[in-house]
Amino acid sequence: MNPFRFVADVSHLVSIFLLIHQMRISRSCAGISFKSQALYMLVYVSRYIDLLWEFVSVYNSLMKVFFIAAQGYILFLMRVKFRPTNDMKIDTFRVRYILAGAGVASLIFTYRYTPAEVVWSFSIWLESVAILPQLLLVQRTGEAENVTTHYLFALGIYRGLYVPNWIWRYVSENHLDPIAIFAGLIQTALYADFFYIYATKVLRGQKFELP
């Protein structure tokens, strides 16, 4: 197995476990953007819909099922169990623009004009910007709990590791995926400021605060 993809998957799992652990321990979802989490759910469902007709491996199928189930559980915690702590007044990003942009991009930048391929392309473009509502929420509050920043860091590392993953696949398999690469670079770039503040403050024991 590609080692970079495996480590990226582990980092993705860690980010999800951190988020669920934070909400269950604090009994609150304050500081977490429901809109970002809902967008990620749409990403997983649209990307992994191929579970209905395609089998790659046990590992692949289990990871897909886990991501969908775990994301569903996160949404349940935010909208049902800890709903009173979910402040929608500061989670105000207009996701319709994200959805429209990803929809248009998936129609322009796709490898084949089949329903499955367009939906896959949509999930790639949507994931590249799904973190925006969360980043805006952090910007509005000006700070974030350490566990929240650890979650964002692990999620950012998951995407960042896909850069060496693409290089590995190109060298070892002669495989190149321009759509995934470009969308991934967009997502990685969105984390640039966050990574800088995380490295200069959180890793030094300070609270995450925007300058």
Side-chain angles (χ1 to χ4, degrees), residues 11-49 63-106 119 122-159 183-184 186-191 193-195 197-198 202 207-210:
S11 181
H12 197 180
L13 290 173
V14 169
S15 73
I16 290 175
F17 284 129
L18 280 173
L19 183 58
I20 292 175
H21 176 73
Q22 174 189 354
M23 288 193 288
R24 290 187 60 86
I25 293 298
S26 65
R27 301 191 63 78
S28 169
C29 59
I32 304 300
S33 168
F34 177 81
K35 291 182 177 180
S36 272
Q37 298 306 316
L39 289 174
Y40 280 122
M41 184 63 170
L42 183 55
V43 167
Y44 300 146
V45 171
S46 56
R47 183 173 305 168
Y48 303 147
I49 194 172
M63 292 293 279
K64 290 178 178 180
V65 170
F66 172 81
F67 286 133
I68 293 174
Q71 198 62 31
Y73 182 59
I74 289 171
L75 295 181
F76 165 77
L77 291 178
M78 296 188 72
R79 294 299 283 179
V80 179
K81 198 171 181 64
F82 305 131
R83 184 184 182 118
T85 65
N86 183 22
D87 190 356
M88 297 299 292
K89 292 180 181 179
I90 58 175
D91 190 12
T92 58
F93 195 98
R94 297 182 179 180
V95 296
R96 60 178 176 270
Y97 297 124
I98 289 179
L99 294 171
V104 171
S106 68
V119 168
F122 171 77
S123 76
I124 295 296
W125 293 113
L126 181 60
E127 186 181 23
S128 72
V129 292
I131 197 62
L132 282 175
Q134 179 64 60
L135 295 178
L136 178 63
L137 191 152
V138 171
Q139 185 180 55
R140 281 180 175 274
T141 59
E143 60 182 22
E145 295 296 326
N146 279 346
V147 178
T148 302
T149 62
H150 296 331
Y151 155 72
L152 290 173
F153 180 74
L155 195 61
I157 290 296
Y158 148 67
R159 290 309 306 175
I186 292 174
Q187 187 173 4
T188 302
L190 291 176
Y191 280 92
D193 286 343
F194 170 82
F195 281 146
I197 299 175
Y198 185 90
V202 179
K207 187 172 183 179
F208 183 96
E209 292 180 335
L210 294 177

Examine distances only and state if a side-chain atom of Ser128 and a backbone atom of Gln187 form a donor-acceptor pair shorter than 3.5 Å. no
Decide if the gap between the ring center of Phe34 and the ring center of Phe82 is smaller than 6.0 angstrom. no
Can you see which heavy atom on Asn86 is nearest to which on Cys29, and at what distance? CB-SG, 3.5 Å
Is there a side-chain contact between Leu39 and Pro133, using heavy atoms and a 4.5 Å cut-off? yes
Between Gln139 and Leu136, is there a side-chain heavy-atom distance shorter than 4.5 Å? yes
Working to the nearest 0.5 angstrom, can you tell me the gap between Leu19 CG and Gln22 CD? 6.0 Å
With Lys64, which residues qualify under salt bridge (Lys or Arg N to Asp or Glu O under 4.0 Å), at least two apart? Asp50
Hey, what do you get for CZ (Phe93) to CG (Leu132), rounding to the nearest 0.5 Å? 4.5 Å
Does Lys35 use its side chain to pair, donor to acceptor, with the backbone of Val95 at less than 3.5 Å? no
Can you confirm whether more than 12 heavy atoms, excluding those of Arg79, are under 6.0 Å from its CZ atom? yes
In sequence, state the C-alpha distance, the side-chain angles, and the governing distance for Ile16 and His12, and then conclude on side chain to side chain contact (heavy atoms under 4.5 Å, CB included). CA-CA 6 Å; Ile16 290 175; His12 197 180; 4.2 Å; yes
Under a 3.5 Å distance rule, please check whether Glu127 uses its side chain to pair with a backbone N or O of Gly184 as donor and acceptor. no
Distance check, rounded to the nearest 0.5 Å: Asp91 atom CG versus Ile32 atom CD1? 10.0 Å
Separation between CD1 of Ile74 and CD of Gln37, rounded to the nearest 0.5 Å: 5.0 Å
Thr149 OG1 to Phe194 CZ distance, which is reported to the nearest 0.5 Å: 5.5 Å
Taking Gln134 for the side chain and Ser33 for the main chain, is one N or O donor matched with an acceptor at less than 3.5 Å? yes
Atom OH in Tyr191, atom OH in Tyr158: separation rounded to 0.5 Å? 9.5 Å
Could you report the tightest heavy-atom contact between Tyr40 and Tyr151, atom names first, then the distance? CE1-OH, 4.4 Å
Considering residues at least two apart in sequence or located in another chain, which fulfil the side-chain hydrogen bond (donor to acceptor under 3.5 Å, both in side chains) criterion with Ser26? none
What are the two closest non-hydrogen atoms of Ala30 and Ser28, and how far apart are they? N-OG, 3.0 Å
